[in-house]
Amino acid sequence: MALPWILLLLFSSLASVSFTQSTLTLDYYAKTCPKFEEIVRDVVLQKQQQFPVAAAATLRLFFHDCAVDGCDASVLIKPTAFTKPELEHDINHSLAGDGFDLISRIKTALELACPGVVSCADILATATRNLVVMTGGPHYKVPLGRKDSLVSQASSVEGKLPRANEIIDQMIKTFQGLGFNIQEMVALVGGGHTIGFVHCKEFANRIFGTPDPTMNPKLAERLRGMCVNYTTNTDMAAFLDVITPGTFDNMFFKNLMKGLGVLGSDQLLLSDPRTRPFVEKYANDSQAFSIDFAHAMEKLNIYQVKIGNQGEVRRRCDAVNTAQM
């Protein structure tokens, strides 16, 4: 099965974030759409059972949305003859279709139950949390009441999302730009990569030619066999956690201790003195990893959210309600 896409990177304390979010509440839809949680849960469960990669796809989609001007569903907007949205930026070209499909399914079901009430941004945030839990990760709070963005621009993306195989200095700079410290960065990278995938082209330089000496030789051999035709079959991809790829756990960090990091930037987390202590901590303490990841996700959840007249509730998640000329 071809496995296109997915790199996952995702973001310690809710209290450290200013609460424009004071208008976000856990029971925001209690009266206006009382079946909100039930509908999201049911659609997410069905999708994940049918397509186990949905969790990884949605988690990455959520990060790519929030990192660019906040958690406002701007990444979901499709291009038109008059617009070049975030999706048009090259770093978003590999976002997986399963994530978009899931949000569309949920939106359709909610529009039938309570039309014009639930934002796409709230759907994406809630679905992501449910999928993290479904794959074995920690439960965390998702306050609701976000509005959807009115605009989406490809020009807003550059420099706000980490790229594959960045050096640690650049990774830290990118995450700090989003308000996250080094420990949160390591937790979010691990949380994303424990269930993620990556294109062969992103690590081909580590396995072909002179193999990267920091990679376990057996893993390099296995990946060479898997990716031998990666230049002609660009959908070829590999699990970022080569031991328990479908389970949210701390195996990603244990793998790094054995040279089993697929991406060079992942393996660098072990060798850099700023990040190594957190890799070792999480490899030895799965509970600490889960707690720190949950805190970081609560922080990410409310990053630059739109409220009130700062946004709208879209009728469709892939288009603003009023076409932009």
Side-chain angles (χ1 to χ4, degrees), residues 21 23-66 70-80 83 85-87 92 95-135 137 139-152 297 301-302 305-324:
Q21 307 92 346
T23 57
L24 301 186
T25 62
L26 295 174
D27 60 351
Y28 188 83
Y29 297 113
K31 294 182 179 179
T32 56
C33 193
K35 290 190 175 182
F36 166 75
E37 295 282 359
E38 178 185 339
I39 290 171
V40 174
R41 182 181 65 246
D42 290 348
V43 178
V44 165
L45 178 61
Q46 181 184 43
K47 177 70 177 182
Q48 180 66 10
Q49 288 177 335
Q50 292 175 333
F51 303 96
V53 295
T58 308
L59 182 54
R60 184 177 184 226
L61 183 63
F62 179 65
F63 178 78
H64 277 233
D65 179 47
C66 292
C71 305
D72 57 8
S74 55
V75 75
L76 303 177
I77 295 177
K78 291 182 178 179
T80 70
T83 63
E86 293 170 27
L87 275 177
N92 285 328
L95 288 171
D98 282 308
F100 294 95
D101 177 67
L102 172 60
I103 304 310
S104 179
R105 290 189 190 192
I106 298 172
K107 180 64 172 176
T108 298
L110 287 168
E111 285 297 301
L112 291 173
C114 43
V117 173
V118 182
S119 70
C120 301
D122 277 349
I123 293 171
L124 180 54
T126 306
T128 299
R129 189 274 313 281
N130 288 8
L131 285 162
V132 166
V133 173
M134 198 174 297
T135 53
H139 185 279
Y140 54 88
K141 295 178 181 179
V142 179
L144 303 167
R146 299 164 188 76
K147 291 296 193 295
D148 298 324
S149 66
L150 299 168
V151 296
S152 178
M297 286 298 287
N301 256 284
I302 54 177
V305 295
K306 310 298 186 293
I307 56 174
N309 60 10
Q310 295 174 336
E312 65 181 4
V313 174
R314 291 192 211 129
R315 290 186 290 270
R316 291 172 50 110
C317 289
D318 61 0
V320 297
N321 291 340
T322 303
Q324 303 295 306

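Quick note: residue numbers are just sequence positions, from 1.
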Next item on the list: Can you sort out the partners of N130 under side-chain hydrogen bond (donor to acceptor under 3.5 Å, both in side chains), two or more places apart, ordered by chain and number?
Entry: none
Notebook entry, point to check: If you take all heavy atoms of K78 and T83, which pair is closest and at what distance?
Noted result: O-OG1, 4.3 Å
Check: Do any N or O atoms from the side chain of S104 and from the backbone of F100 form a donor-acceptor pair under 3.5 angstrom?
Finding: no
Check: Quick one: does I103's side chain get under 4.5 Å of L76's, heavy atoms only?
Finding: yes
Check: Under 4.5 Å between any side-chain heavy atoms of K147 and Q310, yes or no?
Finding: no
Margin query: Can you see whether Y29 has K31 sitting over its ring - NZ or CZ less than 6.0 Å from the centre and within 45° of the normal?
Written below: no
Item checked: Under 3.5 Å donor-acceptor, E111 side chain and T108 backbone -> no
Margin query: Going by the rule salt bridge (charged side-chain N to carboxylate O under 4.0 Å, His left out), which residues pair with K35 if we only count those two or more places apart in sequence or in a different chain?
Written below: none
Check: If only atom types and distance count, is the side chain of N301 paired as donor or acceptor with the main-chain N or O of M297 below 3.5 Å?
Finding: yes
Side-chain donor-acceptor pairs under 3.5 Å in residues 36-46, sequence neighbours left out?
none

Note to self: Using the side-chain hydrogen bond (donor to acceptor under 3.5 Å, both in side chains) criterion, which residues pair with Y140? Sequence neighbours excluded.
What the structure shows: none
Notebook entry, point to check: So, do I123 and V118 sit near enough that their side-chain heavy atoms are less than 4.5 Å apart?
Noted result: yes
Next item on the list: For the pair T32 and C114, evaluate side-chain contact (heavy atoms from CB on, under 4.5 Å) and give the outcome as yes or no after the intermediate values.
Entry: CA-CA 7 Å; T32 56; C114 43; over 6 Å; no
Note to self: Keeping R314 on the side-chain end and S149 on the backbone end, is there a donor-acceptor pair under 3.5 Å?
What the structure shows: yes
Note to self: Contact between I77 and L87 at the side-chain level, heavy atoms closer than 4.5 Å - yes or no?
What the structure shows: no
Notebook entry, point to check: Taking NZ, NE, NH1 and NH2 as the nitrogens, is one of them in K306 or D148 under 4.0 Å from a carboxylate oxygen of the other?
Noted result: no
Checklist line | Q50: side-chain hydrogen bond (donor to acceptor under 3.5 Å, both in side chains) partners, not counting sequence neighbours | finding: R105
Notebook entry, point to check: Quick one: are L124 and L61 in side-chain contact, heavy atoms under 4.5 Å?
Noted result: yes
Notebook entry, point to check: Who pairs with C66 by side chain to side chain contact (heavy atoms under 4.5 Å, CB included), at least two apart in sequence or on another chain?
Noted result: F62, C71, L300
Margin query: Within the 4.5 Å heavy-atom criterion, are T58 and D98 side-chain neighbours or not?
Written below: no
Margin query: Run the side chain to side chain contact (heavy atoms under 4.5 Å, CB included) test against V133 and tell me which residues pass, sequence neighbours left out.
Written below: R129, H139
Margin query: If you apply the rule side-chain contact (heavy atoms from CB on, under 4.5 Å), what do you find for V75 with N92, and how did you get there?
Written below: CA-CA 8 Å; V75 75; N92 285 328; 4.2 Å; yes
Check: Just wondering, do L24 and L144 contact through their side chains at under 4.5 Å, heavy atoms?
Finding: no
Checklist line | Backbone of R146 reached by a side-chain donor or acceptor of S119 within 3.5 Å | finding: yes
Notebook entry, point to check: Can you find a pair of side-chain heavy atoms, one from L131 and one from T135, that are under 4.5 Å apart?
Noted result: no
Item checked: Flag, side chain of D122 to backbone of G145, donor-acceptor distance under 3.5 Å -> yes
Notebook entry, point to check: How would you list, by chain and number, every residue that makes a side chain to side chain contact (heavy atoms under 4.5 Å, CB included) with P79, sequence neighbours excluded?
Noted result: P85, E88
Checklist line | E312 side chain to N321 backbone, donor-acceptor under 3.5 Å | finding: yes
Check: Quick one: side-chain hydrogen bond (donor to acceptor under 3.5 Å, both in side chains) partners of S74, sequence neighbours excluded?
Finding: D65, D72, E86
